[in-house]
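Worksheet: the structure to be examined is printed underneath.
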Amino acid sequence: MERKYEVTQPAGGVPIKMWTRGVPVEDEAMQQLANAARLPVVFRHIAAMPDVHLGIGATVGSVIPTLKAIIPAAVGVDIGCGMIACKTTLHANDLPGNLAPLRSAIERAVPHGGGPRSRGRDPGAWDEPPDRVDQAWGGLAQEFEALCELHPRLRQTNNRKHLGTLGSGNHFIEVCLDEEGFVWFMLHSGSRGVGNAIGTHFIALAKKDAEQHQRNLPDRDLAYFEEGARYFGDYVRAVGWAQRFAARNREVMMANLIAAVRKAVRKPFDTHVEAVNCHHNYVQQERHFGEDVFVTRKGAVSARRGEMGIIPGSMGARSYIVRGLGNPESFDSCSHGAGRVMSRTQAKKRFTVADQVRATAGVECRKDAAVIDEIPMAYKDIDAVMRAQADLVEVVHTLKQVVCVKG
DNA sequence: ATGTCC
């Protein structure tokens, strides 16, 4: 296949390989990529996915490999954020004509949302976690206690009561139909408050460490721990734990969601084993070009040859179940979505509730003023995004949502 | 995205 990426090389930095043919890239995002490319710990090159856009410290939609070092702010605070999807034996015509009760059943089964507590109750957490949650927490508790002994402030987080809960912002649950009319469940969530606390804590420590070493950084948010530094090992452990919490969180929600749909839909059904559970905001050790490196995917998905992944479109747009092509130049990665073309504030200014009603026709979901920032027109064209990464992934299934629950 | 001693 022809080469699909373009290369730019900032002065004093490694090359940036960009899979962005035919999609817009902001100047600020280019500047941010150049900052990361100038770090002395970056390995070989940086890969920018077609959904690349401005983030904090590092651009969302980028893959940053580092040698004997790790950048906590590049991973960010939503550690382990990602997607899970599961195909079922249900068909479109097995679903009820009115999907509103199905949406309510899902909303009752999975705590979601947040913001101001109503009557002292947090709708985004369990009052008392059900057995399935406590079993899952059992597999995480011991390592978490060990982390708390090293970093006692982590003990103050809401952890056990947040396992199996969705969160807010762009976290969502969907019931979708694939190209053959089969029903899928899909959801987007991360490591909730505890992952946020881990991220925040170590980002602050990395900044302090950079000040003590008087490192000359292109951006303070690109502070890194070098292997052997005081908190390097603690961060590797903590970020790994938060990623496991996030993956477990998605599994628990999927199980509770399936149980809720079984009660709401009369026809019995099975779920396929081919469930996909992938992070798109994480760091892990991998081998590339003959070296052991830390690969940070900030808004990017692992796409090794044959590996399954999920690329969700926005509310009202299609989503894709993909299979990786294992392109080494992308460090075996692909995009994590469509990517925004305007900020949430801009979207709320530009579009109306009527626009949102039109854009989400046929989807059982909220359509009020509070969700206008998720309108499909605030995102890049997902078809252009998929074309730009045709050498990174192939499409296996195309999903269109019929129910969407927003966090 | 999160949880509120900003």
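Note that the structure is a prediction, hence the values are computed from the model and not measured.
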Q: Rounded to the nearest angstrom, tell me the gap between atom CZ in R192(A) and atom C1' in dG3(B).
A: 10 Å
(Q) Between C1' on dG3(B) and NZ on K161(A), what's the gap in Å once rounded to a whole number? (A) 16 Å
**Q.** Side chain W241(A), main chain L140(A), donor-acceptor under 3.5 Å
**A.** yes
Q: Could you check whether H188(A) gets within reach of a base, just the sugar-phosphate, or nothing at all, counting any heavy atom under 4.0 Å?
A: nothing
Q. Going by the angle between their ring planes, with limits at 30° and 60°, are H336(A) and H53(A) parallel, tilted or perpendicular?
A. parallel
**Q.** Rounded distance (Å) that lies between atom P of dG3(B) and atom NE2 of H171(A)
**A.** 11 Å
Q) For the pair made of NE2 in H112(A) and P in dG3(B), what is the distance, rounded to whole Å? A) 15 Å
Q. Does D355(A) come within less than 4.0 Å of R358(A), counting only side-chain N to carboxylate O?
A. yes
Q. Rounding to a whole Å, what distance do you find between N159(A):CG and dT2(B):P?
A. 15 Å
Q. Over how many whole Å does the gap from D122(A) atom CG to dT4(B) atom P extend?
A. 10 Å
Q | Spacing of H201(A) atom NE2 relative to dG3(B) atom P, expressed in whole Å | A | 17 Å
Q) Reckon T200(A) has a side-chain N or O less than 4.0 Å from the OP1 or OP2 of dT2(B)? A) no
Q: By nearest nucleotide on DNA chain B, pick out whichever of Q156(A) and R344(A) is the more 5' one.
A: R344(A)
Q) Nearest-Å distance, CG (L154(A)) to C1' (dG3(B))? A) 15 Å
Q.
Using side-chain heavy atoms (C-beta onward) and a distance below 4.5 Å, is I382(A) in contact with I311(A)?
A. yes
